[in-house]
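Just so you know, ligand 1 is whichever comes first in the structure, and atom 1 is the first atom listed for that ligand.
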Amino acid sequence: MPPVSLDMAPLLAVVAQYWGFPGLRPLQDRAIRAVLARRDSVVVLPTGGGKSLCYQAPAVAGQEPTIVVSPLIALMKDQVDGLTRNGICAIRFDSSQTPQERAATDQILARGAARLIFVSPERIATNDVHRIVRATNCRTFAIDEAHCISHWGHDFRPEYRQLGRLKELFPGANVHAYTATATPQVREDIARQLNLDNPEFHVGNFDRPNLTYRIIPRTDLGSQVREVMARHRNQGGIIYCLRRKDVDDLAASLQRDGYRVAAYHAGMSAAARGQAQDAFVSEAVDVVVATVAFGMGIDRPDVRFVVHAALPKSIEHYQQETGRAGRDGLPSECVLLYSGADVMVLRSIIEKSALENGADPTYVTTALAQLNQLTSYARGAVCRHRALVQHFGQEYDRDDCAACDLCLKETLEVPDSTIIAQKILSCVARVQERFGIGHILSVLRGENTEMVRKYRHDQLSTFRLLSDISKTDLRDWVYQLLGQDALSQSDEEFPVLRLNATSWQVMKGERSVRLISRPKRSRKKSERAASTHYAAAEGVDTGLFERLRGLRRECAQEQKVPPYIIFSDAVLQQMARLRPRDLRAMRQVPGVGDAKLSAYGALFLQAITEYLQEYAEPDHPASPPPPPSRSDRKRLAHKLFHTGTAIPDVMGETGLARSTIVEYLTEWIQQEAPASVATWVSDEIYVEVAAAARELGDAKLKPICDLLNQQVSYDQIRIVLAHLKATNARSR
Ligand code: ADP
């Protein structure tokens, strides 16, 4: 353990002065204590968790500078730019520097002014680093993106292996590794590969509560993508496609419709890729359509959505790629559009790449196993946050994340799921486990296909057994059964469906399954869903926020830096909420340190003052629109109930908490006694709750919930009880 007596006051003063942060996050505190105590450490924090401050702040507060190893020149540049703007002297040594730049860097080094020195991993064993160490007495090394040293990570880089020699090359060095990759295996491997000496491990919470996850079968990619984009007008987003051609097609079709998007994939020239990246970073385009080649090295923190147009390769990849959304902590959305066909494509990509790269035989087995885990995740019916966090070995202690398609009740539980599953499984048994998904669907739906005729499967008892179910739903359910391991698929080129031990338990009624379906929502409604939720945080004057974003963009263009280097969205939102009227108040905005205050304080203050004055002019209301009051929001909520808006949408439009909305909704139901409450509670659940209430003869929540085996939420019970009361009162 680091010494308890460590005086953190000087460090906290540095954090307040340079970063303008009022304090440290709990894990940052522990990670920084390890650095100050010169204990080797491995720090695992999700993207956006605040890793960089863990090595930057001690370097500024300490005696000698810190050497930071970073995998990409773009990342180094960004960090040096960001630090410089906070008034901190930082330099970098990399292969892209011109001789003049190098000479300037050398001079700063010689003066001993640099607090942080960034180097690329291949330079570690070169004279450069020896020179730096001699010149500065530096003994502290920070390894950014440390998972790049591990084969088990998702982004192994051979040049990182050289870092294993740090402890030997620089005796007495203390080394600190930072990563967002959560698997314990990678964590241990990092410590081993770096030869760390009895390191401290600091592992943060892997949940990203500001991300809303939606996993939806892909039915019409173009319109599904446009639906997401409509919720995020003028906001940054990334759309990941599997193949280069998909990128080109989708980007072209979006451009034709007038969207400001750029394409990015490894098949494009370096110049074209650089252009796309710059356009995204400088906000010249909002959205990049890309293969997974895009992302690492992009530090834009205000990415408001990430769409996967096809399945990613593994849960680790999914976590990494979706992690690029909402690094600034503001609400953001991750949508995965999947199809069974993706699995085939990914399999062939894995096999082809193994063949081309001569990978060792375990590669294919591991990659396929990871793909399987991912498909189970995607098709599972467990809260997305819970399943992700548990995959990384952590507990999830909330019942309702309120931020995934399942917990937001955007999906419905299919009544009689187990019976439907039994029908599907018996069909697989009847065709003797010799056919693929397509044919099973044809038989169950009673289609007159050539295969059905050829094998006389219209004679089977399972023919037409589920003829009333749409093909899309049925296919989705088969995949859900595969995802829950209640059904298996062979490894052949044309995989056939097979039964396993679980399938038999389901068929014998010894085990139940849960299937979900998605209510068809109108495009308008789903566009409206959350559109304001993502844009407007409570109390933020959105007009002012957009004005400040524009000003930031202008400054960034002028100074040739990415806008986020000036201020993040989170900082601008705070300005638009607090509306500071003088420099002292401006300095109180979290994220405005001394250097930023003197560089930009007056400019942003002026913009705020002008905005407020415009509103004071005669043809404007006397003051800018005040944040909506509680009674305004209640009125709006009632209006939305009238139009049958679902609870998550009401949350988005009003900014009210779920519990408050349920309270308003039950009140409204009792007042209005609407004919149906089906928007909020499905008919099946309504009937069950009503029956339970009648049986118990009392309208208490807990006994009803217990009687229904806790399968129904308290909110649903509250809504049904309110409706029963209202309709009984009317009929009397
Ligand atoms: P990571 O490197 O782990 O992805 P960053 O270092 O980019 O995370 O930090 C993520 C965001 O959190 C940034 O917007 C940063 O300004 C903010 N942040 C970091 N530490 C603090 C803190 N102690 N207080 C307030 N904001 C912080």
- Task: Among C148, P121, P71, find the residue that satisfies the side chain to side chain contact (heavy atoms under 4.5 Å, CB included) test when tested with E159.
- Result: P121

N or O contacts of ligand 1 with protein under 3.5 Å, please list pair by pair.
residue	atom	partner	partner atom	Å
ligand 1	3 (O)	G49	N	3.4
ligand 1	3 (O)	G50	N	3.0
ligand 1	3 (O)	K51	N	2.9
ligand 1	3 (O)	K51	NZ	2.8
ligand 1	4 (O)	G48	N	2.7
ligand 1	4 (O)	R327	NH2	2.9
ligand 1	6 (O)	S52	N	3.4
ligand 1	6 (O)	S52	OG	2.5
ligand 1	7 (O)	R327	NH2	3.2
ligand 1	8 (O)	G50	N	3.0
ligand 1	12 (O)	R25	NH1	3.4
ligand 1	12 (O)	R25	NH2	3.2
ligand 1	18 (N)	R25	NH2	3.4
ligand 1	20 (N)	Q28	NE2	2.9
ligand 1	23 (N)	G23	O	2.9
ligand 1	23 (N)	Q28	OE1	3.0
ligand 1	26 (N)	R25	NH2	3.4

- Message: With a sphere of 6.0 Å drawn around NZ of K313, does it hold more than 12 non-hydrogen atoms of other residues, nucleotides or ligands?
- Response: no

Is it the case that the side chain of [X] and the backbone of [Y] share a donor-acceptor pair, with hydrogens and angles ignored and the cut-off at 3.5 Å?
X    : Y    : answer
D405 : I215 : yes
H308 : L337 : no
K51  : L45  : yes

- Please, which pairs that meet side-chain hydrogen bond (donor to acceptor under 3.5 Å, both in side chains) have at least one residue in residues 582-595, sequence neighbours excluded? R587-D594

